[in-house]
S.K.: 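Got a structure for you, questions after.
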Amino acid sequence: MIRLIASDMDGTILKNGAQSLSPRMHALLAELIERGIIFVAASGRQYANLKRLLGPLADRADYICENGAFAVHNGRIIYKAVLDRALGQELMRDIWAREGCEIQLSGIDTAYIQAKDPSYTHHLRYVLKNDITEVDDIFSTTEDYIKISAFVHGDKTQERFREFQERWGSQFTLACTCDHWIDFIPPGINKGHAMHALLDILKIPREEIMAFGDNYNDLELLQCAAESYAVSDGKPEVIAACRHTCCSVEDVLEEFLRSGQAL
């Protein structure tokens, strides 16, 4: 019997760059939650952004935010990983020095930016709908460093990822989660790490968990679930690691709810 469902968002539930959940997905999540099944939104997105996506269901879900940098249960942060400030500043100087790269420095409630190009600010505020704080000197912020991201203008993301991986791969966990974005979090930290922090509280075994994903940064999350699903256009390694493949999360959830397996 499934008691918890966790899903990546971008590329898994949110397809083709979508920035809002479909009415069908909202209805399915509402029914799951009404039946007592815990839903965990597990994403590289910030907490405020994820809550906006879930709308009226926001306070009834749990969250794995910023690619596993922190987890939220019942509206309370139950786990947080913090980057070393000196190392983080060294990384940000490297990002800043590279042509076509912008910095996003994530705290719990906001992301700090010092934009080189105004289009970057516009993208964060009006397309992604992130909570952002523009600063004159990003190196002078005082909040804990939760996650550092490089936003890459143009089509150089994979090239920059290889460069950053070579330079920083031993000191950070890197995730290239979607077009333009490269995330840096503490080594050994990932969505699966954050999920285990939630499960320490929830006491739900692997056999009662369903999870969905599409990309490399979902692998550790998917390993936490006996019923793991890769979307059919996901990375081949992710498809190979999962028990099931699906065309859409909505189809699986609808079949699950109608099958009588839900509580």
Side-chain angles (χ1 to χ4, degrees), residues 1-10 12-13 21 25-26 28-83 106-110 131 143-147 173 175 177 183 185-213 215 217-229 241-243 249 252-253 256-257 261-263:
M1 185 174 292
I2 298 299
R3 296 170 55 201
L4 183 150
I5 295 174
S7 183
D8 170 55
M9 302 304 285
D10 293 281
T12 301
I13 287 177
L21 298 184
M25 177 56 77
H26 267 295
L28 289 167
L29 293 180
E31 186 172 350
L32 286 168
I33 291 169
E34 283 299 321
R35 295 196 190 192
I37 296 168
I38 297 166
F39 178 71
V40 181
S43 175
R45 291 179 180 240
Q46 64 178 191
Y47 182 36
N49 186 295
L50 289 170
K51 290 188 73 174
R52 268 194 294 276
L53 278 173
L54 292 186
L57 302 175
D59 292 334
R60 303 177 68 187
D62 285 349
Y63 299 88
I64 293 170
C65 311
E66 307 283 9
N67 268 322
F70 70 98
V72 178
H73 171 60
N74 286 344
R76 181 175 64 87
I77 295 172
I78 53 91
Y79 157 81
K80 181 176 80 168
V82 177
L83 289 166
S106 297
I108 294 294
D109 295 316
T110 192
D131 284 5
E143 187 177 354
D144 285 342
Y145 291 5
I146 302 302
K147 184 184 77 177
T173 295
T177 55
D183 289 347
I185 55 179
I189 302 302
N190 51 58
K191 293 181 183 180
H193 192 92
M195 174 63 91
H196 283 296
L198 281 172
L199 296 178
D200 284 345
I201 293 173
L202 296 170
K203 308 300 183 188
I204 296 176
R206 183 174 181 272
E207 292 72 26
E208 297 177 356
I209 298 172
M210 180 185 292
F212 298 86
N215 212 335
N217 63 315
D218 300 320
L219 283 168
E220 293 85 1
L221 173 72
L222 292 163
Q223 289 166 2
C224 295
E227 299 298 324
S228 55
Y229 286 83
C242 286
R243 184 174 180 182
V249 177
V252 176
L253 295 183
F256 169 72
L257 285 166
Q261 298 178 68
L263 290 173

S.K.: Working to the nearest 0.5 Å, report the span between CZ of R243 and CE of M210.
M.R.: 10.0 Å
S.K.: To the nearest 0.5 Å, how far apart are CG in N215 and CG in D10?
M.R.: 10.0 Å
S.K.: Please name the residue in the list I37, I38, L57 that meets the side chain to side chain contact (heavy atoms under 4.5 Å, CB included) test with L32.
M.R.: I37
S.K.: If I take atom NZ from residue K191 and atom OG1 from residue T173, how far apart are they, to the nearest 0.5 angstrom?
M.R.: 13.0 Å
S.K.: Work out which heavy atom in N217 is nearest to a heavy atom in A175; give both atom names and the distance.
M.R.: CB-CB, 4.0 Å
S.K.: Looking at K203 and E208, is any side-chain nitrogen of the basic one under 4.0 Å from a carboxylate oxygen of the acidic one?
M.R.: no
S.K.: Heavy atoms, side chains only, cut-off 4.5 Å: are H73 and L202 in contact?
M.R.: yes
S.K.: Within the side chain of Y63, is there an N or O that forms a donor-acceptor pair under 3.5 Å with the backbone of S43?
M.R.: no
S.K.: Counting distance only, does the side-chain N/O of R45 pair as donor-acceptor with the main-chain N or O of L53 below 3.5 Å?
M.R.: no
S.K.: Taking the side chain as everything from C-beta on, heavy atoms only, tell me whether L21 gets closer than 4.5 Å to M9.
M.R.: yes
S.K.: Identify each donor-acceptor pair in which a side-chain atom of residues 192-200 lies under 3.5 Å from a protein atom, sequence neighbours left out, and give them as a table.
M.R.:
none

S.K.: At what distance, to the nearest 0.5 angstrom, does NZ of K80 lie from CD1 of I108?
M.R.: 5.0 Å
S.K.: Check step by step if side chain to side chain contact (heavy atoms under 4.5 Å, CB included) holds for L54 and R60.
M.R.: CA-CA 9 Å; L54 292 186; R60 303 177 68 187; over 6 Å; no
S.K.: Please examine the side chains of S7 and F39, heavy atoms only from C-beta on, and report whether any two atoms are closer than 4.5 Å.
M.R.: yes
S.K.: Which heavy atom of I2 sits nearest a heavy atom of L4, and at what distance?
M.R.: CG2-O, 3.6 Å
S.K.: To the nearest 0.5 angstrom, please state how far the CZ atom of F256 sits from the CD atom of E31.
M.R.: 10.0 Å
S.K.: Quick one: closest heavy-atom pair of L221 and F212, and the distance?
M.R.: CD2-O, 4.3 Å
S.K.: Please report the shortest heavy-atom distance between L50 and C65, naming the atom on each side.
M.R.: CD1-SG, 4.2 Å
S.K.: Only pairs at least two apart or in different chains count here, so list each salt bridge (charged side-chain N to carboxylate O under 4.0 Å, His left out) that has a residue in residues 61-75.
M.R.: E66-K147
S.K.: May I ask you to test the I77-Y47 pair for a side-chain heavy-atom distance under 4.5 Å?
M.R.: no
S.K.: Any chance you could measure Y79, atom OH, to I201, atom CD1, to the nearest 0.5 Å?
M.R.: 12.5 Å
S.K.: If you compare all heavy atoms of A241 against all heavy atoms of L219, which two are closest, and at what distance to 0.1 Å?
M.R.: CB-CD2, 3.8 Å
S.K.: Can you name the closest pair of heavy atoms from I146 and P186 and give their distance?
M.R.: O-CD, 4.4 Å
S.K.: Got a salt bridge between D131 and K51, using NZ or NE/NH1/NH2 to carboxylate O under 4.0 Å?
M.R.: no
